[in-house]
Engineer: 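Here you go, one structure.
Every chain is numbered from 1, with letters handed out A, B, ... down the list of sequences.
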Protein chains: 2
Amino acid sequence: MTQRRTRPTINQVAEAAGVTKSSVSRAFTRPEMLSADTVSKIFAAAEKLGYVPNHTARALSTGRHGNIALIVPDVANPFFPPLIRAAQAEADRSDYCVFLGNSDENPQQEDKLIGRFGGQVEGLVLASSRLGDEQIVAHSTRRPLVLINRDVEGIPRVLIDSATGVAEAVEHLAALGHKRLVYVSGPHGSWSNKQRRNAVRRSARQLGMEVSVISNEYAAFESGRRITANVLATGATAAIAFDDLTAQGMLAELLDRGISVPEQFSVVGCDDVLGAATYPALTTVSNRSVEAGKTALTLLIDILENNAIRDVRYVLNTSLVVRGTTGPAAG
Amino acid sequence: MTQRRTRPTINQVAEAAGVTKSSVSRAFTRPEMLSADTVSKIFAAAEKLGYVPNHTARALSTGRHGNIALIVPDVANPFFPPLIRAAQAEADRSDYCVFLGNSDENPQQEDKLIGRFGGQVEGLVLASSRLGDEQIVAHSTRRPLVLINRDVEGIPRVLIDSATGVAEAVEHLAALGHKRLVYVSGPHGSWSNKQRRNAVRRSARQLGMEVSVISNEYAAFESGRRITANVLATGATAAIAFDDLTAQGMLAELLDRGISVPEQFSVVGCDDVLGAATYPALTTVSNRSVEAGKTALTLLIDILENNAIRDVRYVLNTSLVVRGTTGPAAG
DNA sequence: CTGTTAGCGCGTTCAG
DNA sequence: CTGAACGCGCTAACAG
């Protein structure tokens, strides 16, 4: 059994180095206040004892922990991992640790997580938050907050504007001769969903196309399969799905039903998380989640370090990626 | 501007309730030690002031933070998100917050992260750690540690045994008449890679097949494409890849080269992270990452709460999932 | 059942 | 440039 001994404290180092706690503390935070001599003497002692400043004690004393929290609706949704990764990397550059929270698309869970993290983070970023505006505002009064894909005035936010890409998608379908299309919607509290739905409607109207909206609470492969029957029932010849997962589910179901894509039906996804991996390769709207994650963290850290209270609204545009699931409208 | 006032302390609550700090403290940790009367009196006062126990101060005093850290090589590798999600959910059930770390497949980065998290977590779980055995052992002497897909004696670990599934894959290929196959390996420090490579070799020998190993440090779609030329150069008729991503890259490259799968070449992946989304749908080895994540956390929490020093070696078996990328050996 | 007294380990005045 | 003293907010004995 290896011994799990208790860590050396600042006092032991002080004693070993023949100085006081204060000097040791300074050696680790503002060495320039000490003579080079004492500093190296202290470091030597610290090294020998294996001393590491106690993060918790320091946090209690200073009020800063060097932690931030990132909350997402679903870690396993392929849209988020790259975003998380980018956020991590950015946090790391400034020596922040990141708590990850999974809200399970559930506002209450999200609220609970914020509460749990609350006490030990400098700030948080909520990605695709499912919370109500008032709750978000309320939380933001307690500590710095930045939003991703959620547009609340007065709160720093980075938005991936899928509207531009979705509009291109509708135009693309119109150019292919489609007259009736359906938008398969996503989660209710989702800002992105609202934005996409509106973009589809607007463009369709302008182009004289008929559009119906089919709701589908939980965006995923299986639910994509399930709502396909409803989609077909509308008599539309093309569909734009809230995300690639849903689109992929529809693709699978369509193939199972012997409906060939894109010959008999066109499908476009959103977020481009699948790359060209589906068959046929999915036509979709590009995604900028990596930049979103990185930017959100840059923003947050800037707010934290510079005490800047910025009301930023950072918008990232998207565009259509045409691949193989869209084609001329079936006669 | 909403005011960002300083949080009320235990003292203010005590004063408001006409008791001492101790009682307030107890009301929040061991209410059964107090009379129902005082407890409700205290809660009322706390409620009115909006008091919330200070996590940091509590941690300093008790030495427990209620945090655990989870470190993975690459959040964006589809193998991990489900694992992370499951681990989160399990941590949540016991009110633990989880720090997520991304080591970028880099031992030094992993070490750095462990250090950073070290001071504020009760324990950690390292998934597919790229650290050396000695380092892992060293870290485990400081605080509880559980490993996923890493087999270090004396340290609690949960292993996804892909060997069983890989063996089935080799048999499957043998039954289809293949005589020469290649194993496309994964990251160097990876235990899973070693395990899979050995399983391929062992089974191939038993079945009288010839096998070459091609190395490919970073497992991903693009690198899968790149090594395809080398794979073909071996003259083999089938390949087993370290993971699905690599396999998917190979698929794309093979199609681009006009080599049809599975008619002219068979491919099998590992981890089943893509589902049936590739074309043709990928034959692969099943994955149990969700159970792995959940189990690892259950283990860790058990160790933490019950002070149990368990040398567990939890093994999860896998099996072959036959889909569309394997077929009879080309004449 | 409740109050008193010490710390937990460190940062930060304020003197010198 | 360095030391002494106090406080961060809370828990943990120890008394009553």
Engineer: Apply the test side-chain hydrogen bond (donor to acceptor under 3.5 Å, both in side chains) to residues D111(A) and H139(A): give CA-CA distance (whole Å), side-chain angles for both, the deciding distance (0.1 Å), then the verdict.
Structural biologist: CA-CA 9 Å; D111(A) 216 76; H139(A) 284 303; 3.1 Å; yes

Engineer: For N106(B), does its backbone N or O pair with a side-chain atom of D104(B) as donor and acceptor, under 3.5 Å?
Structural biologist: no

Engineer: What's the shortest heavy-atom distance between E110(A) and S103(A), and which atoms?
Structural biologist: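 Smallest heavy-atom distance, with atoms named: CB-CB, 3.8 Å.
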
Engineer: Under 4.0 angstrom, heavy atoms only, what part of the nucleic acid is L60(A) near: base, sugar-phosphate, or nothing?
Structural biologist: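 Base contact.
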
Engineer: How many angstroms lie between CG in D151(A) and CZ in R157(A), if you round to the nearest 0.5 Å?
Structural biologist: 4.5 Å

Engineer: Under 4.0 Å from a heavy atom of chain A: give me the 5'-most and 3'-most nucleotides of DNA chain D that qualify.
Structural biologist: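 Taking any atom under 4.0 Å from a heavy atom of chain A, the span is dC1(D) to dG9(D).
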
Engineer: Between the two end axes of the helix from dC1(C)-dG16(D) to dG16(C)-dC1(D), each built from 5 base pairs, what angle do you get to the nearest 10°?
Structural biologist: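 Between the first-five-pair axis and the last-five-pair axis there is 30°.
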
Engineer: In terms of the angle between their ring planes, are F99(A) and F99(B) parallel, tilted or perpendicular, with boundaries placed at 30° and 60°?
Structural biologist: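 Geometry flag for F99(B) against F99(A): parallel rings.
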
Engineer: Where do V290(A) and A86(A) come nearest, in terms of heavy atoms and distance?
Structural biologist: O-CB, 3.4 Å

Engineer: If every non-hydrogen atom of I160(B) is compared with every non-hydrogen atom of A292(B), which pair is closest and at what distance?
Structural biologist: CD1-CB, 3.9 Å

Engineer: R93(A) vs E90(A), test: salt bridge (charged side-chain N to carboxylate O under 4.0 Å, His left out). Steps then yes/no.
Structural biologist: CA-CA 5 Å; R93(A) 289 179 7 106; E90(A) 198 56 26; 3.3 Å; yes

Engineer: How far apart are the C-alpha atoms of R313(A) and V152(A), what are their side-chain angles, what is the distance that settles it, and do they pass the side-chain contact (heavy atoms from CB on, under 4.5 Å) test?
Structural biologist: CA-CA 9 Å; R313(A) 186 172 187 278; V152(A) 180; over 6 Å; no

Engineer: Under the side-chain contact (heavy atoms from CB on, under 4.5 Å) test against P144(A), which residue among D302(A), I155(A), L300(A), I301(A) passes?
Structural biologist: L300(A)

Engineer: Using a heavy-atom cut-off of 4.0 Å across all strands, would you classify T38(B) as base, sugar-phosphate, or nothing?
Structural biologist: sugar-phosphate

Engineer: Would you give a per-nucleotide map of nucleotides 10-16 of chain C, 5' to 3', where B means the base has a protein non-hydrogen atom under 4.0 Å away, S means only the sugar-phosphate does, and - means neither?
Structural biologist: BBBBB--

